[in-house]
There are 2 protein chains.
Amino acid sequence: MAPATALTGDKDSELGELADIVGFHIRLAHVAVYRHFTETFCDLDLTQKQVSVLWLVDDHPGISQIAVGQRLQMDRATTMTIVNRLQERGYLRRERSTSDARKQALYLTTEGRAALATAKGCIGEHEAWLKSRFTPDEVKKLVEMLARIHD
Amino acid sequence: MAPATALTGDKDSELGELADIVGFHIRLAHVAVYRHFTETFCDLDLTQKQVSVLWLVDDHPGISQIAVGQRLQMDRATTMTIVNRLQERGYLRRERSTSDARKQALYLTTEGRAALATAKGCIGEHEAWLKSRFTPDEVKKLVEMLARIHD
DNA sequence: CCTAATTGTTAGTGGAGCATACAATCGGGC
DNA sequence: GCCCGATTGTATGCTCCACTAACAATTAGG
């Protein structure tokens with residue numbers, strides 16, 4: 001091997017041993033997806049997490065904060081800050097649950113539903129960009145393997 | 001469907017439509033990996049990024065900051081903060097490159113090499129935890145697909 | 001030689017994750 | 001029915017990561 005700095009950037013992936021680490025590739029893939037997401041969503045000013053929360057609340061009206069956190073792998077404090085932000089922007093509202101007064105029931109506002117609808121359109125493009133790298137079978141396999149990691 | 005809150009958390013993945021979004025699974029998998037990483041690395045007090053940088057510098061002594069950033073998908077500012085931290089902790093040092101005075105050449109210190117060696121051991125466990133979900137063929141396929149995303 | 005591009009640096013902003021502590025509420029055992 | 005532990009939400013404060021914008025030094029090319 002060349003002693004040092006034989007890497008004037010002609011190839012893009014001079015990763016060395018690091019290329020064998022699965023977790024490393026997951027992190028890089030996540031960063032790449034995150035970057036593309038924010039680029040295609042600059043006009044909406046919503047993050048992945050925020051859209052996920054809106055989506056989940058839309059699918060499960062009256063869901064509690066803790067349940068949102070569990071499904072999205074966030075602790076209570078993190079969920080709080082995101083819900084706070086979305087509430088400040090008028091996208092969702094809290095109501096104390098009638099069945100369990102400890103819980104907050106979350107609902108989308110009309111504005112929240114509108115924002116989510118727009119976001120879903122953008123996510124369509126985003127997903128197309130992502131899926132263009134794979135056959136439908138590969139997509140299925142990839143999702144299944146990723147689910148094995150986060151479940 | 002039940003009108004609201006039929007979700008008392010008996011199943012873990014009541015994700016609804018969200019389950020069809022590839023980017024969403026990547027994010028969840030990343031969070032799960034990140035969490036496990038930090039748990040097994042609490043004694044070392046190094047983050048994934050920091051270890052990646054140490055590893056990369058070890059593989060490519062004299063590498064420039066910009067090259068590190070390119071390979072790890074970070075911009076210059078982010079690379080700066082990480083290199084600063086590692087330098088403050090005495091794990092690497094900067095030298096102005098002789099061939100191009102704009103560049104900083106990065107080298108690990110003895111302490112940095114020791115820290116990296118320890119980190120690699122922990123990463124071994126971490127990777128084993130991750131790979132235990134898959135056959136060797138699946139690991140290969142997964143890495144290959146992730147690389148298609150971040151390249 | 002002058003201009004444009006590259007690299008590093010600084011400063012500031014915001015999102016996200018985590019730990020801790022506290023209050024309100026619920027549930028089960030007695 | 002009452003107390004105690006568990007659950008849920010809330011507030012505070014910290015760290016890390018990613019980004020932008022500006023600026024200085026250096027290099028490369030016309």
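Since we're looking at a predicted model, the values are computed, not measured. Atoms considered below: every heavy atom in the structure, side chains included; atoms not considered: hydrogens, waters and symmetry mates. Proteins come first, then strands; the chains are lettered A, B, ... in the order of their sequence lines, and each starts at number 1.
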(request) Using the closest heavy atom to pick a nucleotide of DNA chain C for each, name whichever of B:Asn84 or A:Asp75 lands nearer the 5' end. (result)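 Nearest nucleotide further toward 5': that of B:Asn84.
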(message) Nearest heavy atom decides the nucleotide; on that basis, is A:Gln50 or A:Thr98 closer to the 5' end of DNA chain C?
(response)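 Here A:Gln50 is the residue nearer the 5' end.
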(request) With DNA chain D as reference, determine whether A:Arg35 or B:Tyr34 sits nearer its 5' end, using the nearest nucleotide of each. (result)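 Nearer the 5' end of the strand: B:Tyr34.
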What is the separation between atom [atom1] on [X] and atom [atom2] on [N], rounded to the nearest whole Å?
X	N	atom1	atom2	answer
B:Leu46	D:dC17	CG	C1'	15 Å
B:Met74	C:dT7	CE	C1'	15 Å
B:His30	D:dC16	NE2	C1'	12 Å
A:Arg76	C:dC22	CZ	P	14 Å
B:Gln87	C:dT10	CD	P	10 Å
B:Gln65	D:dA24	CD	P	19 Å
B:Leu44	D:dC16	CG	C1'	17 Å
A:Gln73	C:dA16	CD	P	15 Å

Does [N] have OP1 or OP2 under 4.0 Å away from a side-chain N or O of [X]?
X	N	result
A:Arg85	C:dG15	yes
B:Gln48	D:dC17	no
A:Arg96	D:dG9	no
B:Lys49	D:dA18	yes
A:Arg27	D:dC17	no

(message) Looking at A:Gln73, is its backbone amide N or carbonyl O close enough to the side chain of B:Arg35 to form a donor-acceptor pair, meaning the two atoms are under 3.5 Å apart?
(response)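 Side chain of B:Arg35 to backbone of A:Gln73, a donor-acceptor pair under 3.5 Å: yes, one is there.
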(request) Taking A:His150 for its side chain and B:His30 for its backbone only, find out whether a donor-acceptor pair lies under 3.5 Å. (result)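 Here the side-chain-to-backbone pair does not exist.
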(message) Hydrogens and angles aside, do B:Asp75 and B:Thr78 bring a side-chain donor and acceptor to less than 3.5 Å of each other?
(response)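 Judged by distance alone, the side chains do pair up.
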(request) Return the minimal non-hydrogen interatomic distance between B:Leu130 and A:Gly23, and the atom names on each side. (result)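 So the minimum-distance heavy-atom pair works out to CD1-N, 3.7 Å.
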(message) Using a heavy-atom cut-off of 4.0 Å across all strands, would you classify B:Asp100 as base, sugar-phosphate, or nothing?
(response)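 It contacts sugar-phosphate atoms only.
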(request) Select base, sugar-phosphate, or nothing to describe what B:Ala77 touches, counting heavy atoms under 4.0 Å on all strands. (result)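 Touches a base.
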Nearest to the side chain of [X], which nucleotide is it out of [options]?
X	options	value
A:Met80	D:dC17, D:dA11, D:dA18	D:dA11
A:Arg102	D:dT7, C:dG8, C:dG17	D:dT7
A:Thr47	D:dA18, C:dG8, C:dG15	C:dG15
A:Ile66	D:dG9, D:dA22, C:dG17	D:dG9
A:Lys103	C:dA16, D:dA18, D:dG9	D:dG9
B:Gln104	C:dT9, D:dA18, D:dT8	C:dT9

(request) Output, in order, the C-alpha distance, side-chain angles, deciding distance and verdict of salt bridge (charged side-chain N to carboxylate O under 4.0 Å, His left out) for B:Glu144 and B:Arg148. (result) CA-CA 6 Å; B:Glu144 187 265 320; B:Arg148 262 189 264 171; 2.8 Å; yes
(message) Parallel, tilted or perpendicular: which one describes the rings of B:Phe37 and B:His126, with boundaries at 30° and 60°?
(response)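 Judged by the thresholds at 30° and 60°, the geometry between B:Phe37 and B:His126 is perpendicular.
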